[in-house]
Amino acid sequence: MPPTALPLTADADANASDAELAARAAQGDTQAFARIMRRHNQLLFRTARSILHSDADTEDALQDAYLRAWRAIGGFRDEAKLSTWLVRIVINEALGRLRRRGAQVIPFDGGATAGDDDAPDTQLADDPDRQPERLAMREDLRRLMERRIDRLPDAYRTVFVLRAVQELSVGETAEALQLPEATVRLRFFRARSLLRESLSRDIDLATGDAFAFDGTRCDRIVARVLAALP
């Protein structure tokens with residue numbers, strides 16, 4: 001059936017449940033599918049990004065995953081959550097891209113369970129103040145956190161993104177990744193520990209460099225003083 005956009009209002013789309021939107025999309029309603037994409041874009045982007053480490057690759061994977069979802073949505077059953085169904089599709093797409101590149105792929109249900117705690121270490125309240133320097137500081141911290149998350153071991157990274165960044169429950173994360181809940185809890189705990197250790201090292205190094213007085217600032221002050229000498 002060719003895609004058609006049914007004449008329903010944007011408000012109706014916004015209030016529609018995932019199951020309603022999926023049923024409409026299965027009938028070829030592109031407006032409903034667009035609402036599905038907008039509703040779940042952030043979750044799916046973050047999930048794929050945790051696997052692919054590249055914004056550009058993630059956007060490509062997300063696009064292909066949505067195309068797969070569009071073709072398969074007639075088989076979606078609303079006893080499952082649509083978000084979980086979509087997460088599985090985007091994970092499979094991202095892992096498939098890694099395999100095609102010849103990269104080593106560690107399955108989410110493989111590797112460490114009891115041994116998770118022995119994995120090798122890695123380098124790893126909103127403020128109402130909207131001043132530019134405060135916003136710049138927050139942006140720097142965000143980028144630092146993203147780099148540290150990228151460097152988490154594969155077994156922990158996607159669990160951390162789904163639990164901490166996307167705020168899925170333990171049960172939702174376990175269902176999406178097809179892992180036991182105990183494994184999700186263990187990997188999330190270990191991921192947070194690794195991030196704390198990594199960020200602590202960064203803070204220690206930054207503290208030693210705080211209020212540095214060298215380079216351009218030093219040259220400027222010396223020049224001003226020399227110019228002011230009688």
Side-chain angles (χ1 to χ4, degrees), residues 1-101 103 105-109 146 149-150 154 157-181 183-184 187-188:
M1 176 182 297
T4 58
L6 301 182
L8 295 180
T9 66
D11 286 343
D13 285 352
N15 295 326
S17 69
D18 277 354
E20 292 168 342
L21 292 173
R24 286 170 47 195
Q27 296 300 313
D29 183 355
T30 56
Q31 178 179 301
F33 195 69
R35 173 63 63 179
I36 288 171
M37 288 190 287
R38 293 186 183 281
R39 186 173 291 178
H40 298 289
N41 262 337
Q42 181 166 272
L43 166 63
L44 300 186
F45 179 85
R46 287 171 168 173
T47 301
R49 179 65 174 73
S50 73
I51 297 170
L52 294 170
H53 298 274
S54 161
D55 288 356
D57 288 348
T58 298
E59 288 185 18
D60 290 344
L62 191 54
Q63 177 179 312
D64 287 348
Y66 275 135
L67 291 174
R68 290 177 184 272
W70 170 261
R71 291 192 293 268
I73 201 164
F76 171 71
R77 297 292 177 263
D78 61 9
E79 59 265 20
K81 289 187 66 173
L82 182 63
S83 59
T84 302
W85 185 75
L86 291 169
V87 164
R88 290 306 312 167
I89 291 175
V90 80
I91 285 175
N92 289 335
E93 177 63 33
L95 293 176
R97 285 171 177 265
L98 288 183
R99 292 187 184 96
R100 289 193 292 274
R101 293 203 307 240
V105 176
I106 300 176
F108 289 112
D109 58 352
E146 288 177 350
I149 292 172
D150 273 345
D154 292 343
R157 191 170 52 253
T158 301
V159 169
F160 182 84
V161 168
L162 293 181
R163 287 283 292 116
V165 182
Q166 200 56 39
E167 299 184 340
L168 268 62
S169 69
V170 171
E172 290 170 331
T173 303
E175 184 179 358
L177 301 181
Q178 297 181 345
L179 289 171
E181 290 189 8
T183 301
V184 168
R187 294 184 182 183
F188 181 52

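- The backbone N or O of Val165 lies less than 3.5 Å from a partner atom in the side chain of Arg46, making a donor-acceptor pair.
- Separating the OH atom in Tyr66 from the CD1 atom in Ile89 is a distance of 10.0 Å, to the nearest 0.5 Å.
- Among Thr183, Leu179, Leu168, the single residue meeting the side chain to side chain contact (heavy atoms under 4.5 Å, CB included) criterion with Val159 is Leu179.
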Applying side-chain contact (heavy atoms from CB on, under 4.5 Å) to Leu82 and Leu21, what does each step give before you reach the verdict?
CA-CA 10 Å; Leu82 182 63; Leu21 292 173; 5.6 Å; no

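- Atom CG of Leu44 is separated from atom CD1 of Ile91 by 9.5 Å, given to the nearest 0.5 angstrom.
- Residue His40 holds its NE2 atom at 11.5 Å from OG1 of Thr47, rounded to the nearest 0.5 Å.
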Report the C-alpha separation of Arg49 and Val161 in whole Å, then their side-chain angles, then the decisive distance to 0.1 Å, and conclude whether the side-chain contact (heavy atoms from CB on, under 4.5 Å) test is met.
CA-CA 9 Å; Arg49 179 65 174 73; Val161 168; over 6 Å; no

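- Closest approach of Trp85 and Ala69 over heavy atoms only: CH2-O, 3.6 Å.
- Residue Arg68 qualifies as open at atom CZ: its count of foreign heavy atoms under 6.0 Å is 12 or below.
- We find the OG1-NE2 distance between Thr58 and His53 to be 9.0 Å, quoted to the nearest 0.5 Å.
- Here the rule is side-chain hydrogen bond (donor to acceptor under 3.5 Å, both in side chains) with Arg97, and of Asn92, Asp64, Asp57 only Asp64 fits it.
- With a 4.5 Å cut-off on side-chain heavy atoms, Glu172 and Val87 do not count as touching.
- The side-chain heavy atoms of Asp29 and Gln27, taken from C-beta on, include no pair separated by under 4.5 Å.
- For Glu93 and Arg100, the salt-bridge test passes: some basic side-chain N is under 4.0 Å from an acidic carboxylate O.
- Scanning both residues, Thr158 and Ser50, for their nearest heavy atoms gives OG1-OG, 2.7 Å.
- Using the six-membered ring where Trp is involved, Phe188 and Phe160 have ring planes that are tilted, between 30° and 60° apart.
- With a 4.5 Å cut-off on side-chain heavy atoms, Leu43 and Val90 do not count as touching.
- The closest side-chain heavy-atom distance from Arg163 to Val184 is below 4.5 Å.
- A distance of 7.5 Å separates CD of Glu146 from CG of Asp55, quoted to the nearest 0.5 Å.
- The side-chain heavy atoms of Trp70 and Ile36, taken from C-beta on, include no pair separated by under 4.5 Å.
- A distance of 9.0 Å separates CD in Glu175 from CD in Gln178, rounded to the nearest 0.5 Å.
- Of all heavy-atom pairs between Ser17 and Arg39, the closest is C-NH1, 3.8 Å.
- Of all non-hydrogen atoms in Gly74 and Ala26, the two that sit nearest each other are CA-CB, 3.9 Å.
- Contact check for Asn41 versus Leu62: side-chain heavy atoms found under the 4.5 Å cut-off.
- Nearest approach of Arg157 to Asp150, heavy atoms of both residues: NH1-O, 3.6 Å.
- Across every non-hydrogen atom of Ile73 and Ala25, the tightest pair is CD1-CB, 3.8 Å.
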